[in-house]
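Report on one structure; see the data block that follows.
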Amino acid sequence: MPRFRAVPVSSPAAAELLEAYFAERRETFPSGKGSYRTASPSDATFTPPAGSFLVVESEDVDAGSVATGAVPGVVPALACGGVRRIDPTEEGLVRYEVKHVYVRPEARGRGLGRLLMAELEEVAAGLGADLVVLDTNESLLAAGALYRATGYREVEPYNDNPNATTWFAKPVAPREPVS
């Protein structure tokens, strides 16, 4: 079972995963859509109560090290993602947006994306979210399938992200923060 750890986006584990994510998006972004535009996240945006950024680590240090080529004895970061508070809906619903969900290619196919999304929803609910939203590009077929399979529904655009073609939302029940 993977472990989820909240970290600053500037931490070495997060920075490495984010750079891999941005590099993959630049390489695979549909050519007809222009070039992929990167917006580096800030620690303040992903620090409670504004948000949170998670890395997913393997509980099996040796197995994870072999899978990722990491140094034996060092817990490898296999995936990442964050949630950040954005403006509420016109109806006053508190919204948190999922950002930068990425699973290393060698760790894909294990259900980490689904587990990470569930954990991000829990974190958002713990921060007071009524609604979790996200945007994606239609070229990310696996991502779109994951979002639909985990209960997200397409909605009208809520931002002007030039990389996005599809927007999703999912209601969550706000929870009391865990102390």
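Note that these values count all heavy atoms, side chains included, but never hydrogens, waters or copies made by symmetry. Just so it is clear, the model here is predicted, and its values are computed rather than measured.
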Answer yes or no: is there a donor N or O on one side and an acceptor on the other, between the side chain of R148 and the main chain of G144, under 3.5 Å? yes
Close side-chain approach of L134 to Y152, heavy-atom, < 4.5 Å: yes
Got V56 and P2 here, is their nearest side-chain heavy-atom distance under 4.5 Å? yes
Give the minimum heavy-atom separation between A125 and A173, together with the two atoms involved. CB-O, 3.3 Å
Distance-only, no hydrogens or angles: does the R110 side chain make a donor-acceptor pair with backbone N or O of E106 under 3.5 Å? yes
Tell me whether the rings of F46 and H100 are parallel (<30°), tilted (30 to 60°) or perpendicular (>60°). tilted
Can you find a heavy atom in the side chain of V123 that is under 4.5 Å from one in the side chain of L54? yes
Within the structure provided, determine whether V94 and P174 are in side-chain contact (heavy-atom separation under 4.5 Å). no
Note: L120 and G81 closest approach over all heavy atoms is CD2-O, 3.7 Å
Which is it for L127 and Y96 under the side-chain contact (heavy atoms from CB on, under 4.5 Å) test, yes or no, and what are the steps along the way? CA-CA 9 Å; L127 292 170; Y96 276 77; 3.5 Å; yes
Contacts of D135 that satisfy side-chain contact (heavy atoms from CB on, under 4.5 Å) - sequence neighbours left out: E97, K99, Y158, N159, N161, A164, W167
If you define the side chain from C-beta out and look only at heavy atoms, does anything of L18 sit under 4.5 Å from P41? yes
Apply side chain to side chain donor-acceptor pair (under 3.5 Å) to K170 and list each qualifying residue two or more places apart in sequence or on a separate chain. E121
To the nearest 0.5 Å, how far apart are SG in C80 and CG in L112? 11.5 Å
Looking only at atom types and distance, does a side-chain atom of T165 sit under 3.5 Å from a main-chain N or O of E138, one as donor and one as acceptor? yes
Output for pair (R5 CZ, E57 CD), nearest 0.5 Å, gives 4.0 Å
At what distance, to the nearest 0.5 angstrom, does CZ of R84 lie from OG of S42? 8.5 Å
For the side chain of D43 and the backbone of S10, is there at least one donor-acceptor N/O pair under 3.5 Å apart? yes
Would you name the heavy atoms of R114 and A149 that are closest together and state the gap between them? NH2-CB, 3.8 Å
Ion pair present between R104 and E24, side-chain N to carboxylate O less than 4.0 angstrom? no
Distance (rounded to the nearest 0.5 Å) between L115 CG and L78 CG: 11.5 Å
Using a 3.5 Å distance criterion without hydrogens, assess whether the side chain of S11 forms a donor-acceptor pair with backbone atoms of V7. no
My understanding is that only residues two or more places apart in sequence, or in another chain, count here; which of them pass side-chain contact (heavy atoms from CB on, under 4.5 Å) with T136? L140, A143, Y147, T166, F168
Is there a donor-acceptor pair closer than 3.5 Å between any side-chain N or O of R108 and the backbone N or O of V103? yes
